[in-house]
Amino acid sequence: MRIGVFICHCGSNIAGTVDCPSVAATALTYPDVVFSTDTMYACSEPGQDAIIQAVKEKNLDGVVVASCTPRMHEQTFRRAVERAGLNRYMFEMANIREHVSWIGKTKDLNTNKAAELVRMAVEKLRRNRPLFAKRFETVKRVLVIGGGVAGIQAALDCADGGQEVVLVEREQSIGGKMAKLDKTFPTVDCSSCVLGPKMVDIAQHPNITLYTCSEVESVGGYVGNFQVTIRKKATYVDWSKCTGCGLCVEKCPSRKHPDTFNEGLCTAPSINIPFPQAIPKKAAINAASCIMLTKGKCGVCAKVCPVKCIDFEQKDELVTVDVGAVVVATGYDLFDWHKYPQYGEGRYKDVITSMQYERLLSASGPTGGHIKRPSDGKEPKNVVFIQCVGSRDRSVNRPYCSGFCCMYTAKQAILTKDHVPDSQSFVFYMDIRSPGKMYDEFTRRAMEEYGAQYVRGRVSMIYPQDDKLIVRGADTLAGTQVEVPADLVVLAVGAESARGAVQLGEKLRVAPDQYGFFVESHPKLKPVETNTAGVFLAGACQGPKDIPASVGQGSAAASKVLGLLSKKELESDPAVSRVNPGRCVGCGKCVQTCPFGAIKMIEDRFGNPKAEVIDTVCQGCGICTVTCPQGAIQLEHFTDNQILAEVNALCPPKMFANFE
Amino acid sequence: MHNIAYYPGCSGQGTSTEYDRSTRAICQALDIALTDVEDWSCCGSSPAHTVNHVLSAALSARNLAQVEAMGMTRVATPCPSCLSNLRTATHKMKDPDFQSKANALLDTPYRNTVDVQSVLQVLAEHVDPEYIKSKVVNPLTGIKIACYYGCIMNRPPALMQFDHHENPMAMDNLMAAIGAEVVPFPLKVECCGASFGIPRGDIVHKLSGKLLDAGRRLGADCFVTACPLCQMNLDLRQGQINDALHENFKIPIFYYTQLLGYALGLDRAELGFEKLCVDPRRALGKIKQPAQTR
Amino acid sequence: MPAQDVRELRIVGFLCNWCSYGGADTAGVGRFSQPTDLRIIRVPCSGRIDPLFIVRALLNGADGVLVSGCHPRDCHYAEGNFYARRRLELLKRFLPVTGFDARRFEYTWVSASEGQRWQHVVTEFTRRIHELGPAPNFNPASEMDWNALALHAAQGQTCPCHG
Amino acid sequence: MQIFDLAAADHAFIAEVQARSHQDIKTCYQCGNCTAGCPYTFAYDYSVSQIMRLIQTGQKDAVLKSRSIWLCGSCQSCTTRCPNNIDVALIMDVCRHMAREAGYATERAVKVFADSFLNSVSRYGRAFELGLMTEYMARSGRIFTDVDLAPSALMRNKLPFKPHRIQGRDQVARIFERFRKGGAHA
């Protein structure tokens, strides 16, 4: 074999702490290495051209590049060696940046480590063989999970691009958090006026099938061929008949359970349509509070319904769909501020969340858009906003910035002045984070035009005094303590990962980070991709995001889906398991352990049972390879021989003969 | 029957004798046997920890070593300041380096085997409230009480590990159990001025005055406290506070043990109401006498 | 004791591609400095790690072997790390029988976002191996015992790590 | 106002505060929560968060000469509510120790009270309230401190005239003796 080795400087990223020419010189001493050099940027066009040229000139049949992580540029270099006329699997990479130059300070040790990693790659490459991809067809349908603004955007873009879309939403209506907002920053335009038409488009689009009150039960398959089971939860209303007339809602005698759409500020009837613009505009029964479903009598709704669509016997229903791609747009939840006992833990009625305040401001909210404080319905004069409640706070395990609270607080301060002209807002903040088009100007307007008093400091405690709430905070700019007798306190609660996100991630094989937000494939270059091919992210499920960013990501995810499904066929990764029929004894252990059902039993021509791998189904995990008692099934590109060669490269065999 | 070592604290011999006596009385009535720590000495109180943490720990640890010598593993103290010092010593001496430094100051080294609790915690966690209710002969019906815990009974929570650090309820529950109306006092853990009464009386006047004001706004007839220093600042200094703030507070400040003892019908002589500076008679007069004759 | 100050020891790491290898990358991107003793072998999944790889590394004189995969329930291949956990846990108990110091082998779970955790894992494991010092030349209780065990293991019989 | 030379930060001071408190000063991001909750802010010259800031910037003199470190009541509200889990009250304590050792006592009465208290403990094994008051008044020169309270306290037998001398008072005295000799730092 003739191997060429290329040691990348990566500017000074590697060369700063690794002696690259020396590594290249050492590599020449390794078996089968006939050419070795160092290069400034291997991934650049001249860098790749140099590799191609060397392959041709030196008649190489294998290439090792020592540079960054293979998770970054393995595909880049595979394409390069392919252009040079080699099979793309006749290539190995040694990670001497993330695993060497960036983490070690001593140049000698780094240089030595880099050389050893190159040796490992060479030894593996010596045992590589050309592999060829198989092709398979994809299902031209996409699943969008979550009907907030990001999911709506992704669904509409995919549908407009000609793909069939299945949109699954856990709640009764799509719209997500945005549907609850009164106005949006920095334009102060009406949230439902912006979102409403898009929601209607979802309902009317011929390519979109909408499942609300539904959740993803299970996901199987792989890119291009996912099988998804959706649980349609019982609503006790036949939606094929329901016209959304609202008569049942009006007459329902059980009206005591908290209205979740209105953030618990008021109560809702047990059969309800959450808000006037709901899509679909259908009624659903809350089973936990419905008198008929809990006590077995009542049935008022069934009596008044003009189309007789109430069905107390309805059960959950499971629907199975095949899709080629999945967009996850499950959004976020709001931080539970009860973790701050110094803010009263709910003992003080006039301490509310920013989302509750949105509902108070909203004309469709429980107060018809009049700001009335919950305790006594009085119009507040001194309104205190406390920012960073559940953001940038290690003590509650939320060290990150939620990103949008500064902006919505400025908006709420502006709206407060609009609603109550003789009011005074006080905003306790740590830093104002307003990077965005017209964002900082907006916060300045809150202060300059609307007279909001911004106070730099946190609030240590809130306590009631007569009918006021004393807010005791710091003004660190003045260097002292301050107190505000407030009529209403609004907590700018931060964002946290959506309830159930981690469990959904398990079904989709998309890993959450330590806070439950889904991890993208690359933080800069693959922001909507995940490590599971065919599964994409949109919106705040990946990290806190405001509306423009969520919409942008919805469109980005849709463009990825459209790109994927525009291909007639996809290529499967040929690094899959392969059975050596001569050694296979047909015990079937591999069939039992394969998580993907990618191995089936067949009979050879003598009628002996043998295992066989279905190439396009196999995901290349290699569990079967370890399970096989005969060593008969080997994961291509990661065979026992290849891995043991790497081990031997690092630890040369001593006293025992090889037994591979 | 609980048998617990008892650490009275220095003020129990002086400014808060009524707290010490009433604590002993209610514990006896509720079958909690207290055995005084033999020849106990001062825990160091706040002056010691403001000077040096090893010195402070050693002064506390001498007493904890005495408890060990008595063959006991649990000690209770009525005083939050002592509690805080004893618990801090226990906590810091878990670090072997610190432990050897502290033990180097002592004749008898402390092995760190003693658990320190407040008497209030013993009552709240180890005595069935129903049992206390069953023992009540004079329910406190008719009196409105503000329960004030002071700043260090529950804080910092990681060290004290008792009740709630912003809204403790142990005394509230106890007072409610014996029939009193408890007002939702919002400043339960705000500092009264601590030991600055002597060197900086002005600080105590301001901070304690704020507490009294908050209690008065809620219509409280009296305060109950669990801390000798708080009680002294609020009671003994109430006249000073009135002078300094041009106020006219007349709010009696009880130890919770006194009112508990009252409800249990204990001998008044043991409860020491006469030791209070602000006359408690009007507040006690609010308590409705039981209708039936006994 | 910063490990750099003394002679490097030989530590072999087996990392799954999706979580721990990514975590090690994240640590690199964050410039979380680590001792340089460790050499990482990338495998698709911790479920691909044959306990024999680890035994081979130790037999060949590795001073320590570190395995890291996705956190339980986070496996890119759904359940590979459960297989890994079972095999590796058995290996850990099996090692002393063969004359190896089980402290020279450790397995853990690190996700792709846990760069700092990876730094901590590497630093602590390297510290442990340096405390143990260089591995003694392998000297099984009885070479015949070992050969018998190895033979069984190689054939997948009675070896607790298989099946 | 005082002007600080940030380049002249005393790094040894920062390191000492960190070592003696086991707290990481750098994690303070100056949100002001400690100042917001501190009941003593009104009496301070520098607020708690400013003390934290002065430590961060290595302004040793300003910290050790400040009034605030003597007036902290150790009420723990800063420690309990710090979003970065810093034991701020402990840091205030440590600064007070360092100020004492450096011979500063900006709030002298507070220092004298603590000294009088500990002298009383060292002498009798327990705090003798009347005795320590007498010593305090003598040493601070504030002979009229709380005389208005005396009748009320004495009438109620709240201030015994004689100290309780415990048997083991020698043991206690030896604690102080060894402390003075060893100057145990922690």
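Every heavy atom of this structure was used, including side-chain atoms; hydrogens, water molecules and symmetry mates were not.
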Please determine, among [options], the option with the most heavy-atom pairs under 4.5 Å with chain D.
options: B:T17, B:T50, B:L276, B:L106; value: B:T50
options: B:E190, B:K206, B:E274; value: B:K206
options: B:G239, B:G193, B:A58, B:S46; value: B:G193

Exercise. Does B:Q161 reach the side chain of B:Q121, with side-chain heavy atoms less than 4.5 Å apart?
Worked result: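 No, side chains not in contact.
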
Exercise. Considering only heavy atoms from C-beta outward, does the side chain of B:P228 approach that of B:T15 to under 4.5 Å?
Worked result: no

For this session: I would like to know whether D:D93 and D:R20 meet salt bridge (Lys or Arg N to Asp or Glu O under 4.0 Å); could you show each step before the answer?
Result: CA-CA 10 Å; D:D93 238 10; D:R20 291 173 70 158; over 6 Å; no

Looking at [options], which has the largest count of heavy-atom pairs under 4.5 Å with chain B?
options: D:S152, D:P160, D:S77; result: D:S77
options: D:M92, D:Q76, D:R126, D:R100; result: D:R126
options: D:L118, D:T145, D:V112; result: D:L118
options: D:A89, D:G73, D:G168, D:A43; result: D:G168
options: D:V110, D:T79, D:D170; result: D:V110
options: D:D87, D:D146, D:L159; result: D:D146

Exercise. Which of parallel (below 30°), tilted (30 to 60°) and perpendicular (above 60°) describes D:Y124 and D:F128?
Worked result: perpendicular

Exercise. Using the ring of each side chain (for Trp, its six-membered ring), is B:Y255 parallel, tilted or perpendicular to B:Y19, with breaks at 30° and 60°?
Worked result: parallel

With a 4.5 angstrom heavy-atom cut-off, which part of [X] approaches chain D: side chain, backbone, both or neither?
X: B:K210; value: neither
X: B:S84; value: neither
X: B:A104; value: backbone
X: B:E18; value: side chain

Ionic contact status for [Y] with [X], cut-off 4.0 Å:
X: B:D279; Y: B:K250; answer: no
X: B:D39; Y: B:R62; answer: yes
X: B:E166; Y: D:R81; answer: yes
X: D:R108; Y: D:D115; answer: no
X: B:K275; Y: B:D235; answer: no
X: D:K65; Y: D:D45; answer: no

Under 4.5 Å from a heavy atom of chain B, the part of [X] involved:
X: D:E177; value: neither
X: D:L71; value: both
X: D:Q171; value: both
X: D:M133; value: side chain

For this session: Under 4.5 Å, heavy atom to heavy atom: which of residues 194-203 of chain B reach chain D? Give them by number, or say none.
Result: B:A194, B:S195, B:F196, B:G197, B:I198, B:P199, B:R200, B:I203

For this session: For residues D:Y136 and D:F117, establish whether the separation of their ring centroids is below 6.0 Å.
Result: no

For this session: Grab the two heavy atoms, one from B:N103 and one from B:P109, that are nearest each other, plus how far apart they are.
Result: OD1-CA, 3.4 Å

Exercise. If you draw a 6.0 Å radius around NE2 in B:H91, do more than 12 non-hydrogen atoms from other residues or ligands fall strictly inside?
Worked result: no

